[in-house]
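Some notes on the structure that comes next.
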There are 2 protein chains.
Amino acid sequence: MFLSTSEHGVDAKNRVSVPAGYREAVRNDPCEGIYVFPHFDGPYLEGGGEHFVQQYRLDIARLPRYDQLRKDLEEAVLGGIRRLDFDSTGRVTLPREFIEHAGIDGRCAFVGCDGHFQIWNAQTQADRLGDIRARLSRRLQDPAEAARLGGGADLQTLMGNSETLSALLKGEKL
Amino acid sequence: MFLSTSEHGVDAKNRVSVPAGYREAVRNDPCEGIYVFPHFDGPYLEGGGEHFVQQYRLDIARLPRYDQLRKDLEEAVLGGIRRLDFDSTGRVTLPREFIEHAGIDGRCAFVGCDGHFQIWNAQTQADRLGDIRARLSRRLQDPAEAARLGGGADLQTLMGNSETLSALLKGEKL
DNA sequence: TTGTTTCCCATAAATACCCATGCTATCCCA
DNA sequence: TGGGATAGCATGGGTATTTATGGGAAACAA
């Protein structure tokens, strides 16, 4: 999966090398490339492999057909997604509107988030990181917030407490 | 499937290039073209390939024979659909009434929504996108709304990502 | 005719493809 | 342990191909 952050240059043709580890993560996908869209939540792009798109399609398909949230997601997410194919050296070309949305000028940062990744203007991302760390530090001092993060139960405990997991372990289907 | 948004010019003969990726998506259909109709939900057209039409036929066929909803859908959807064939360079000619319905003047935007796509007046679509993003961003800050969209990772996802968990769920011991 | 549609060709811009270079971390052997 | 060889990665730039789009000739309908 997608892990770690790395910074890359974006050349005059809007090409950028996708981190080798990310390419490795999508090696078994049917197509040689990544799916990316301008995120609605801020000046950054979100992307991933086949599985990443499937997850959005699934989430959207679960909503009622004429639900406003569904229609919005279809247009903003599915309508925004573009498949970016790797060239022979593992680069992709960013569409101009993506570059504008993320305010990328020369350098960008890939931030791995397990099942997906983000692409930021390199400087913006670097600045954000400090704020994010400070916020986390502050928030997790609140026991209630800390508890949301797993509450201290490890897998063993979960297995003992969860009927679903127990069922699974007995070979039943979800 | 149909993904991504792209803007194209509509010339004096009402011709417009269908995005290459969309043509690719219907390559295996029996006919060289797309099916389009003026949507009842707003000033835009909706279209797709063979599969798109079949889906509507199925949905409608499932309704009782003399149901008003069925009759309306038959007339508005099935009656509105036209097959637009590609010319040798991948363009289609939009019927006059389609152009009027969508208020297209010079430029239009194709918005891919997975199984189908929409065609908007380019400016209208650009303006809407800003609103949609803002609405989504706002809505998904509400934990209740966010939860509708899948919430935390489900077990299947976790299983796909973690060898340890997969092993666990298959009954192996830690 | 006159207006409309279909087919064909021309061109410009955007995109994909190819090969070359420099950097760095790693390995191997003295 | 040091230093050169090596492999993988990031990056630069030239060329070919595809795509979008404009316009004209031929076929068709009113």
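Convention: sequence-line order gives letters A, B, ...; per-chain numbering from 1. Everything numeric in this text was worked out from a predicted model, so none of it was measured.
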Inter-residue atom distance [X].[atom1] - [Y].[atom2], 0.5 Å rounding:
X       : Y       : atom1 : atom2 : result
A:Leu78 : A:Leu73 : CG    : CG    : 8.0 Å
B:Gln54 : B:Leu58 : CD    : CG    : 7.0 Å
B:Arg23 : B:Asp29 : CZ    : CG    : 14.5 Å

Check: Would A:Gln55 and A:Asp59 count as having a side-chain donor-acceptor pair, cut-off 3.5 Å?
Finding: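 Checked: A:Gln55/A:Asp59 side chains pair up, N/O donor to acceptor below 3.5 Å.
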Next item on the list: Could you tell me whether a side-chain N or O of A:Arg82 sits under 3.5 Å from a main-chain N or O of A:Val36, the two making a donor and an acceptor?
Entry: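 No: the side chain of A:Arg82 does not pair with the backbone of A:Val36.
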Notebook entry, point to check: Of the options B:Asp85, B:Asp87, B:Leu84, B:Asn14, which is the one that meets B:Val92 in a side-chain contact (heavy atoms from CB on, under 4.5 Å)?
Noted result: B:Leu84
Find the distance [X]:[atom1] to [N]:[atom2] and express it as a whole number of Å.
X       : N     : atom1 : atom2 : answer
B:Asn14 : C:dG3 : CG    : P     : 16 Å
B:Leu94 : C:dT4 : CG    : P     : 16 Å
A:Glu24 : D:dG8 : CD    : P     : 12 Å
A:Tyr22 : D:dC9 : OH    : P     : 15 Å
A:Phe86 : D:dC9 : CZ    : P     : 12 Å

Check: Hey, any chance A:Tyr35 and A:Ile60 share a hydrophobic cluster, counting ILVMFWY side chains that come within less than 4.5 Å of each other, even indirectly?
Finding: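 Yes.
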Margin query: If the helix axis at each end comes from five base pairs, how far does the helix from C:dG3-D:dC28 to C:dA30-D:dT1 deviate from straight, to 10°?
Written below: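 Taking five pairs per end, the axes differ by 20°.
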Next item on the list: Can you check each nucleotide of nucleotides 14-30 of chain D against protein heavy atoms at under 4.0 Å and return B for base, S for sugar-phosphate only, - for none, in 5' to 3' order?
Entry: B----SSBBBB------
Please output the side-chain donor-acceptor pairs of residues 133-144 of chain A that fall under 3.5 Å, not counting sequence neighbours, one pair per line with the distance.
{"unit_1": "A:Arg139", "atom_1": "NE", "unit_2": "A:Glu145", "atom_2": "OE2", "d": "3.0"}
{"unit_1": "A:Arg139", "atom_1": "NH2", "unit_2": "A:Glu145", "atom_2": "OE2", "d": "2.9"}
{"unit_1": "A:Asp142", "atom_1": "OD1", "unit_2": "A:Ala144", "atom_2": "N", "d": "2.9"}

